[in-house]
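Some notes on the structure that comes next.
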Amino acid sequence: MRDRLVTQELVRLMEKDVDTYEHSLRVGKLAKSMALMMRLNLAQTRQLVIGCCLHDIGKIYMPDSILKKDTSLTEREWRMMKQHPVLGADILKIHAPEERAIIDIVEFHHERWNGTGYPYGLDGVDIPAFARICTIIDSFDSMLSDRPYQSGMSLEEAKEELRRHSGTQFDKQYVELFLQMPGEMLHRTYARRESVNLTVQSST
């Protein structure tokens, strides 16, 4: 995949929604840390990192009324939102059809280990491995993110949530590996958030 295409799609995402763009970069950063822990080769690292950076690229095509809504989505809006993995994969199938591993991450990052995910309801090892990894990182970052209607979790709370859903929503082996990530890797990504949490806690 050409660097120009990756940059172009990320710029489009930034122009569409800065929060989703910043979330995608954090997911990509953690994917690089995971690649180091897994001792992936350069080609595999590139696939995992780029796929994680682009995992939400289909949200470019979501209406602002859905993507930026500050209350719960209606059933109809949720059905539309669930199409973003397919829309994102379709973009890449047109512009970079040879990048199957990256496309798989984008298309399958909302599938769940127990088959309750979307868009296809795949389960277990039928979900490509890099997509299973992206699911964990994507969910972890989402748990930490503040919402208009809800404050994000702390790092420890988010880790506990991964443990709770290990083997159901998430692939257990990759959750265990992610949770072994050295603290400094996580704190480099979330240091500002954790310092804010500590300030709030000390003032209460």
With clusters defined by side-chain heavy atoms of hydrophobic residues (ILVMFWY) lying less than 4.5 Å apart, directly or transitively, does [Y] cluster with [X]?
X: F178; Y: M38; value: yes
X: L122; Y: L87; value: no
X: I105; Y: L40; value: yes
X: L48; Y: I127; value: no
X: Y21; Y: L92; value: yes

Near [X] [atom1], under 6.0 Å, is it more than 12 heavy atoms from other residues, nucleotides or ligands?
X: D3; atom1: CG; result: no
X: K32; atom1: NZ; result: no
X: K172; atom1: NZ; result: no

Got a donor-acceptor contact below 3.5 angstrom from the [X] side chain to the [Y] backbone?
X: K59; Y: K16; answer: no
X: H84; Y: M81; answer: yes
X: T135; Y: H109; answer: yes
X: S166; Y: L162; answer: no

Roughly how far, to the nearest 0.5 Å, is the [atom2] atom of [Y] from the [atom1] atom of [X]?
X: L155; Y: M143; atom1: CG; atom2: CE; value: 12.0 Å
X: L10; Y: T20; atom1: CG; atom2: OG1; value: 12.0 Å
X: D90; Y: I103; atom1: CG; atom2: CD1; value: 9.5 Å
X: E160; Y: S154; atom1: CD; atom2: OG; value: 10.5 Å
X: D17; Y: I60; atom1: CG; atom2: CD1; value: 10.5 Å
X: M80; Y: L73; atom1: CE; atom2: CG; value: 10.5 Å

For residues [X] and [Y], determine if any side-chain heavy atom of one lies less than 4.5 Å from a side-chain heavy atom of the other.
X: R100; Y: K93; answer: yes
X: H165; Y: V175; answer: no
X: M34; Y: M181; answer: yes
X: T7; Y: V11; answer: yes
X: D123; Y: N114; answer: no
X: F140; Y: K159; answer: yes

Do the side chains of [X] and [Y] get close enough for a salt bridge, i.e. N-O under 4.0 angstrom?
X: D19; Y: K68; value: no
X: R163; Y: E176; value: no
X: E9; Y: R12; value: yes
X: R46; Y: E99; value: yes

Heavy-atom closest contact ([X] atom, [Y] atom, distance):
X: L144; Y: M153; result: CD2-O, 3.2 Å
X: G167; Y: W113; result: O-CD1, 3.3 Å
X: G51; Y: V106; result: O-CG2, 4.1 Å
X: R132; Y: V125; result: NH2-CA, 4.0 Å
X: G117; Y: E111; result: C-OE1, 3.8 Å
X: T74; Y: E77; result: N-OE1, 2.8 Å

| Would you say the side-chain atoms of Q83 and Y61 include a donor-acceptor pair closer than 3.5 Å? |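 Distance-only check fails for Q83 and Y61.
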| field | Pair S24-L13, side chain to side chain contact (heavy atoms under 4.5 Å, CB included): steps then yes or no | value | CA-CA 9 Å; S24 297; L13 185 60; 3.6 Å; yes
| message | Run L186 and L30 through side chain to side chain contact (heavy atoms under 4.5 Å, CB included) and show every step you take. | response | CA-CA 8 Å; L186 291 175; L30 288 180; 3.8 Å; yes
| With under 30° as parallel and over 60° as perpendicular, where do the rings of Y118 and H110 fit, or are they tilted in between? | parallel
| message | With ring-ring contact (aromatic ring centres under 6.0 Å, His included) as the criterion, how do H23 and H55 come out once you've worked through the C-alpha distance, each side chain's angles and the decisive distance to 0.1 Å? | response | CA-CA 10 Å; H23 159 73; H55 74 282; 5.1 Å; yes
| request: Determine, step by step, whether V86 and Y120 satisfy the side chain to side chain contact (heavy atoms under 4.5 Å, CB included) criterion, reporting the C-alpha distance in whole Å, the side-chain angles of both residues, the deciding distance to 0.1 Å, and the verdict. | output: CA-CA 10 Å; V86 176; Y120 308 113; 3.7 Å; yes
